2 protein chains.
Amino acid sequence: SYIWLRDHCREERSFHPQTKQRLIDTFKIPSDYRPSAARTTEEGLYVTWPESAFESSYESFFPWSFLAEHAYNPPLLRTKDLPSPLEQKVLWTKEIAKDVPTVTYEEVMESEEGVYEWLKRIDAYGFSFVSGIPGTPEATEALIRRIAFIRETHYGGFWDFTANLEHGDLAYSDVRLEGHTDTTYFTDPCGLQLFHLLSPDHTHLGGHNLLIDGFRAASVFRTQHPSFYDLLSTLPIPSHASGSGSASLPSGVHMRPLRRFPVFNHDENGELVMVRWNGDDRGVVGGEAFEGKTMDEWYEALRTWEGILRSDEAQLWTKFEVGTAVIFDNLRVLHGRSSYTGTRRLCGAYVNGDDYRSRLRGLQKQFGEDPRRKALQELLKSRFGVAFVGKGKGGAWEDY
Amino acid sequence: SYIWLRDHCREERSFHPQTKQRLIDTFKIPSDYRPSAARTTEEGLYVTWPESAFESSYESFFPWSFLAEHAYNPPLLRTKDLPSPLEQKVLWTKEIAKDVPTVTYEEVMESEEGVYEWLKRIDAYGFSFVSGIPGTPEATEALIRRIAFIRETHYGGFWDFTANLEHGDLAYSDVRLEGHTDTTYFTDPCGLQLFHLLSPDHTHLGGHNLLIDGFRAASVFRTQHPSFYDLLSTLPIPSHASGSGSASLPSGVHMRPLRRFPVFNHDENGELVMVRWNGDDRGVVGGEAFEGKTMDEWYEALRTWEGILRSDEAQLWTKFEVGTAVIFDNLRVLHGRSSYTGTRRLCGAYVNGDDYRSRLRGLQKQFGEDPRRKALQELLKSRFGVAFVGKGKGGAWEDY
């Protein structure tokens with residue numbers, strides 16, 4: 001379509017080189033708009049548009065790499081030509097205990113490269129430890145803010161919390177919690193969560209920290225039980241938070257996502273991008289939602305999935321220690337805890353997934369490589385003989 | 001399924017009456033679990049489970065209304081038996097200018113009922129004005145916090161902003177902006193947005209405020225162009241924010257949602273729940289995304305949709321005034337502005353959609369009626385002769 005060409009012109013009068021925003025009013029392009037001429041150079045394709053009511057004569061520019069990546073009739077490059085995002089993750093079992101991903105507080109606080117090393121580990125493994133943290137909430141809060149601002153929820157922002165038996169609410173008690181992801185009742189569940197123990201470790205017994213690689217568990221489940229995986233990928237489950245309210249929501253907590261989501265959530269290419277799983281916050285499945293499905297099959301699928309999560313090999317148990325925080329990607333890694341006795345003081349915070357991923361992309365551009373971007377670059381070069389146009393005319397366009 | 005029954009027991013040992021959380025470990029219920037007895041009362045159904053490895057003998061309780069609502073084989077009640085959420089909205093054209101939804105600052109600040117009156121208008125119309133606000137950022141911030149805490153983004157939290165021609169960035173300039181929704185590049189776009197003019201209105205000319213009812217526009221579009229509506233409901237569009245960064249994201253802004261979303265987003269019942277539309281932040285559509293689709297058809301669909309948005313009858317233009325704020329639901333109402341000259345000072349903030357809807361539900365429970373809930377109540381009574389069990393055994397269970 002000629003409109004597609006004009007709409008996607010990479011020339012800086014049509015496409016802002018810094019903000020990468022479209023600067024033309026697409027819907028004023030005449031339906032019968034057609035180029036009057038075209039020429040090619042080493043850099044790319046130049047297309048001339050005739051004088052019209054829309055604009056005076058204009059020349060558009062398209063880098064070859066842009067056309068190679070985005071051409072659609074026929075498509076020159078398909079998503080499946082690139083390594084899948086999942087292939088770049090390190091899927092792990094409890095064996096990872098032998099060599100847990102770790103960075104030091106010092107390196108994260110002292111340089112952007114240190115933050116990049118940290119986020120690389122979270123990206124690859126879904127979690128990372130940070131050692132050598134001063135045992136104060138202030139130091140912990142400064143640490144998490146190295147990634148991005150804190151996500152406020154109805155629970156507040158940065159939290160610093162002592163749970164003991166005197167408080168009656170079971171959700172904040174000392175009981176064992178099975179592996180789950182947090183905030184399944186938000187439209188966009190919290191992306192990262194950090195925990196740090198502040199009180200000396202000898203004041204409580206138990207309360208160990210459980211992490212499970214949800215992407216590995218999903219991969220095992222998909223291979224062994226494809227029809228169950230399919231059921232849990234398509235059947236939307238209600239979830240909710242319902243409580244007595246907070247300072248910011250005085251009329252009570254009546255939280256549920258904008259729409260129901262399944263356990264396994266995929267992107268437009270069919271890639272797994274989020275595991276949403278919290279048995280306790282599950283709402284009522286029933287009514288017409290189950291027409292044509294067997295309730296028994298659904299429970300059997302859930303039981304099988306939960307069995308993988310509870311298998312010994314899936315579960316990484318670690319002891320909370322003062323000075324060592326754990327951070328994990330709540331869209332991939334499930335967490336839980338064993339029961340404990342005594343008191344303890346934990347602090348922590350959430351970061352939005354969007355902001356975390358934006359930070360990671362920025363650091364990849366600055367210090368490293370996005371492996372998929374690199375694979376794309378190599379493919380464009382080997383298959384079409386074109387290189388990315390990073391700077392200059394048409395601008396850096398890797399970002400949208 | 002007997003497991004469904006045991007899993008959904010409303011007795012308070014299985015289901016926490018305050019937090020509405022499940023208190024049993026569903027996955028330890030034996031596959032062959034079966035009740036040994038059942039009895040009925042005026043209130044509901046009691047089911048007795050035999051002694052087992054899972055638990056000692058136990059009696060479950062289910063209010064009749066719960067079973068009427070959630071029974072699935074056969075379903076007793078279908079979503080289509082209830083008025084659709086869209087039917088409870090007031091869809092509007094520019095004619096609403098004659099009587100715009102408004103509340104006063106005083107009533108919102110002084111009572112929870114005032115907040116409820118405000119949120120009822122936002123719920124019904126997708127926007128509301130608030131008059132009589134002191135002309136300070138502090139008063140404006142206190143106003144928005146009556147709904148919930150402010151959503152922080154990479155732009156910050158509460159903002160207080162003067163744009164003038166000396167700043168080069170087009171996004172913060174004085175040019176006309178066509179109707180759009182904000183933050184299409186977030187996985188969960190901002191739910192509510194509030195604007196309040198702080199500088200005297202004679203210091204600038206133009207800069208009027210445009211609001212468009214996206215749900216009405218979608219409804220017109222769906223009726224007149226069903227296949228275009230379908231295309232824009234299913235074809236996911238990339239969107240992004242790409243900029244030079246901020247204090248909280250020093251490595252730059254590289255924002256995009258977890259997955260691509262279409263323009264029209266529906267829930268599990270096929271109800272329209274979100275319009276996502278911002279032509280400037282649209283990324284590149286192409287590559288394999290368009291296999292089997294016609295690019296020309298897509299542009300024609302977009303042009304037709306944009307034509308409805310730009311039609312005179314769709315557009316409500318109002319003048320910003322010191323002391324009167326406008327707040328709108330960014331998932332439904334598109335906003336824009338005319339170009340202006342001179343300088344002006346605007347302040348405002350975002351609130352999460354989840355938190356806004358939670359606040360509305362809480363106030364409905366306290367002071368009013370959720371119309372759908374009320375319709376459900378009437379249906380249960382007339383069709384099955386059962387009333388909601390609001391309190392007492394089984395607890396208030398309306399909330400999940």
Side-chain angles (χ1 to χ4, degrees), chain A residues 1 3-4 8 16 18-22 26-27 70 72 75 77-79 148-149 152 171 186-188 236 238 240 242-244 248-249 251-255 258-260 267-268 273 279-284 286-288 290-291 295-296 299 303 306 353-354 358-359 361-363 366 399-400, chain B residues 1 3-4 8 16 18-22 26-27 70 72 75 77-79 148-149 152 170-171 186-188 236 240 242-244 248-249 251-255 258-260 267-268 273 279-284 286-288 290-291 295-296 299 303 306 353-354 358-359 361-363 366 399-400:
Chain A
S1 160
I3 294 176
W4 183 87
H8 288 84
H16 196 286
Q18 260 81 56
T19 70
K20 274 92 178 174
Q21 279 174 303
R22 188 172 279 100
T26 307
F27 309 101
H70 298 291
Y72 61 89
L77 207 147
R78 289 161 202 269
T79 304
F149 58 89
E152 190 173 348
F186 286 158
T187 301
D188 178 29
H240 69 103
S242 306
S244 50
S248 62
L249 290 174
S251 43
V253 177
H254 309 271
M255 205 65 74
L258 190 60
R259 62 177 191 84
R260 297 178 177 189
D267 71 10
E268 63 282 355
V273 291
D280 295 343
D281 293 336
R282 251 191 312 131
V284 179
E288 64 187 335
F290 266 83
E291 290 186 81
M295 191 63 85
D296 288 334
Y299 275 105
R303 190 193 297 273
E306 187 71 24
D354 288 344
S358 175
R359 185 82 162 109
R361 277 181 211 113
L363 292 166
Q366 202 174 345
D399 226 26
Y400 43 86
Chain B
S1 161
I3 294 176
W4 183 88
H8 289 84
H16 195 287
Q18 259 82 56
T19 70
K20 275 91 175 176
Q21 280 175 304
R22 190 171 276 101
T26 306
F27 309 102
H70 298 291
Y72 61 91
L77 207 146
R78 288 162 203 270
T79 304
F149 59 89
E152 190 172 349
L170 273 168
F186 286 158
T187 301
D188 178 29
H240 69 103
S242 305
S244 51
S248 62
L249 290 175
S251 42
V253 177
H254 309 272
M255 207 64 74
L258 188 62
R259 64 179 189 83
R260 297 177 178 189
D267 72 8
E268 64 281 355
V273 291
D280 295 342
D281 293 337
R282 252 192 311 133
V284 180
E288 64 187 335
F290 266 82
E291 291 185 82
M295 191 64 83
D296 288 333
Y299 275 105
R303 190 192 298 272
E306 188 71 24
D354 288 344
S358 174
R359 185 83 162 109
R361 276 181 212 116
L363 291 167
Q366 204 175 344
D399 225 27
Y400 42 85

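The shown structure was predicted, so the numbers you read here are calculated from the model rather than taken from an experiment. Below, chain A is the first sequence line, B the second, and so on; all start at residue 1.
Tyr299(B) and Trp4(A) get closest at one heavy-atom pair: OH-CA, 3.4 Å. Nearest heavy atom pair, residue Gly287(B) against residue Pro75(A), reads C-CB, 4.0 Å. Pairing each heavy atom of Ser358(B) with each of Gly252(A), the nearest pair is OG-O, 3.7 Å. Ser242(B) and Lys20(A) make their closest contact through CB-CD, 3.9 Å (heavy atoms, listed as atom of the first residue, atom of the second, distance).
The greatest number of non-hydrogen atom pairs below 4.5 Å with chain A, out of Leu258(B), Thr79(B), Leu77(B), is found for Leu258(B). Contacts with chain B were tallied for Arg303(A), His8(A), Arg259(A); Arg303(A) has the most, counting heavy-atom pairs under 4.5 Å. Of the residues considered (Val273(B), Asp280(B), Asp296(B)), Asp280(B) shows the highest number of contacts with chain A, using heavy-atom pairs under 4.5 Å. Heavy-atom pairs under 4.5 Å with chain B were tallied for Thr187(A), Leu363(A), Thr26(A); the largest tally goes to Thr187(A).
Of the inter-residue distances, the one linking Arg282(A) atom CZ with Arg22(B) atom CZ reads 3.5 Å to the nearest 0.5 angstrom. Interatomic distance, CG of Asp188(B) versus CG of Asp188(A), reported as 5.5 Å (0.5 Å rounding). To the nearest 0.5 Å, atoms CD (Gln21(A)) and CG (Asp281(B)) are separated by 5.0 Å.
Panel note: side chain Glu268(A), backbone Pro236(B); no donor-acceptor pair is recorded below 3.5 Å.
Proximity to chain B (any heavy atom under 4.5 Å) is restricted, for Gln366(A), to the side chain, taken from C-beta onward.
By the salt bridge (Lys or Arg N to Asp or Glu O under 4.0 Å) test, Glu306(B) pairs with Arg310(B), sequence neighbours left out.
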